[in-house]
Structures are given as structure tokens and as C-alpha cells.
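A short worksheet on the structure shown next.
One-based numbering along the sequence shown. Note that the structure is predicted; figures quoted are calculated from it, not measured.
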Amino acid sequence: MRTVLSAIALAVLLAGCSDQVVFQADVPVPDETWDRSFTPEFSFEVTDTILHHDLYIDVRHTGDYPFSDLFLFVDLHGPDDRHLRDTVECLLADPTGRWYGKGTGFIFADRFEAHVLYKLKNRFPASGRYTIKLEQAMRTEKLPGVIDVGVSVERSK
């Protein structure tokens, strides 16, 4: 009896601590230089149209990235040919040039990870497959210092 109660308590505890991340994926940027022709796509399934979700753009870059921000065209395609296109500014550094995000590296933080909010408390209108496509929208054709880019979908808190 005690074992059964312990198992039930553990199951309730684990269910209450479920992970908020619904989807997360990233892809490496070829040669760590984001060419305008490189437009990665990320697909995920949505089954819950009631709960709100936060969508993030994830960017890993080196200290050699030449700008303090990154402009993107973000295309969100959903079921029934639904489509939304946004222009998103990802702030990567403050006005003094200090990088946002957390730095990673062995001795010196030479790589930086930015988790940039794209949509807050978004409710998906229909269940089905959604695809997010990222396209760099800077005034230069090639952006050096971008290691990889990705997308995260999390349940809103």
C-alpha cells in the first residue's frame, strides 16, 4: 500500500513539473556566415488551440558579429494555408556594445546565445502542422559571425 501511494505521489509530482518547451530546434549556419539565400525552416505540430504559447527566435553568434541587432523576415505558415509575415528586430547588444544573452566558451565568452521573444501569449487558431521560416533582412548580403539559428515554442507561464 505504501509503495502504491509513493508511486502515485511521484506521478503527480512529475506531471506538475512538466517541461514548458513544446518545440525547440536549431540549425548551423553554413561557414558561420548567414547568406541571404539561407532560409531555414522549422516545422512542428500544434494540438492545443486553447493554451497560449510564447515563440522565440534563438541566435548563437560570435563576438565577430558586426552589428548590435539582427533584422529577420519571419514567415509563419499554418494549416489551411494560413500565412503571417513579420519583420522582427533581434537586439543582440546594448547601446554600449555589450552583448545580450549568455556567453559560452572555455576561458573567454566568445560565443553568445540570444533567446529573443517573437510572440508573447500567442494562441494558435487551428490544430495541425505549422512552419516557421527565417530570412535575414539586413542590408548586407552576408552576415559573418552567426553560428546557428533556431526557434523555440514554449507554453506561456
Q | Ile132 side chain near Leu76 side chain, heavy-atom distance below 4.5 Å | A | yes

Q) Roughly how far, to the nearest 0.5 Å, is the CD atom of Glu135 from the OG atom of Ser37? A) 9.5 Å

Q.
Is there a path of hydrophobic side-chain contacts, each under 4.5 Å between heavy atoms, that joins Leu55 and Val27?
A. yes

Q | Test item: Phe23 and Ser152 side chains (from C-beta on) under 4.5 Å apart, heavy atoms | A | no

Q: State which residue, out of Trp34, Tyr100, Phe112, fulfils the ring-ring contact (aromatic ring centres under 6.0 Å, His included) condition with His61.
A: Phe112

Q: Search all heavy atoms of Gln136 against all heavy atoms of Met138 and return the closest pair with its distance.
A: OE1-N, 2.9 Å

**Q.** Contact check, side chains of Val153 and Tyr130, non-hydrogen atoms, under 4.5 Å
**A.** no

Q | Val151 vs Leu134 side-chain heavy atoms within contact, under 4.5 Å | A | yes

Q.
Quick test of your reading of the model: are Lys119 and Asp86 salt-bridged, counting only N-O distances below 4.0 Å?
A. yes

Q) Is a salt bridge present between Glu32 and Arg60, judged by a nitrogen-to-oxygen distance below 4.0 Å? A) no

Q | Separation of Asp148 CG from Asp26 CG (nearest 0.5 Å) | A | 4.5 Å

Q: Please name all residues satisfying side-chain hydrogen bond (donor to acceptor under 3.5 Å, both in side chains) with Asp81, sequence neighbours left out, ordered by chain then number.
A: none

(Q) For Ala114 versus Leu92, what's the shortest heavy-atom pair and its separation? (A) CB-CD2, 3.7 Å

Q) Just wondering, do Val88 and Phe71 contact through their side chains at under 4.5 Å, heavy atoms? A) no

Q.
Distance check, rounded to the nearest 0.5 Å: Gln24 atom CD versus Phe44 atom CZ?
A. 12.0 Å

Q. So do the side chains of Leu72 and Cys90 get within less than 4.5 Å of each other, counting heavy atoms only?
A. yes

Q: Give the intermediate values and the outcome of side-chain contact (heavy atoms from CB on, under 4.5 Å) for residues Val29 and Phe38.
A: CA-CA 8 Å; Val29 173; Phe38 177 66; 4.0 Å; yes

Q) Would you find a donor on one side and an acceptor on the other, under 3.5 Å apart, between the side chain of Arg36 and the backbone of Thr140? A) yes

Q) Should Tyr56 and Val46 be counted in the same cluster of Ile, Leu, Val, Met, Phe, Trp and Tyr side chains packed under 4.5 Å apart? A) no

Q. More than 12 non-hydrogen atoms from neighbouring residues, nucleotides or ligands closer than 6.0 Å to CG on Asp31, yes or no?
A. no

Q.
Pair Asp75, His83 - check side-chain hydrogen bond (donor to acceptor under 3.5 Å, both in side chains), show working.
A. CA-CA 7 Å; Asp75 290 295; His83 177 249; 3.0 Å; yes

Q | For Ser43 against Arg129, the heavy-atom pair lying closest together | A | CB-NH2, 3.5 Å

Q) Taking only residues two or more places apart in sequence or in another chain, which ones pass side-chain hydrogen bond (donor to acceptor under 3.5 Å, both in side chains) with Glu89? A) none

Q. Which is it for His53 and Asn122 under the side-chain hydrogen bond (donor to acceptor under 3.5 Å, both in side chains) test, yes or no, and what are the steps along the way?
A. CA-CA 5 Å; His53 294 83; Asn122 179 69; 6.0 Å; no

(Q) In the structure I gave you, are the side-chain heavy atoms of Phe67 and Leu143 within less than 4.5 Å of one another anywhere? (A) yes

Q. Atom OG1 of Thr33 and atom CD of Glu141: how far apart are they, to the nearest 0.5 Å?
A. 12.0 Å

(Q) Determine whether a donor-acceptor pair (N or O, by modelled atom type, separation under 3.5 Å) exists between the side chain of Arg155 and the backbone of Asp54. (A) no

Q | Within-4.5 Å side-chain heavy-atom neighbours: Ile147 and Pro28 | A | no

**Q.** Heavy-atom pair of closest approach, residues Lys121 and Ser156
**A.** CA-OG, 3.5 Å

**Q.** Under the side-chain hydrogen bond (donor to acceptor under 3.5 Å, both in side chains) test, residues paired with Thr39 that sit two or more places apart
**A.** none

Q. Looking at Phe124 and Thr49, what are the two nearest heavy atoms and their distance?
A. O-CB, 3.4 Å

(Q) For Ile50, is there any backbone N or O sitting under 3.5 Å from a side-chain donor or acceptor partner on Asp48? (A) yes

Q: Kindly work out whether a path of hydrophobic side-chain contacts (I/L/V/M/F/W/Y, heavy atoms less than 4.5 Å apart) joins Ile57 to Trp99.
A: yes

Q. Between Pro79 and Ser127, what is the shortest heavy-atom contact and its length?
A. CG-O, 3.4 Å

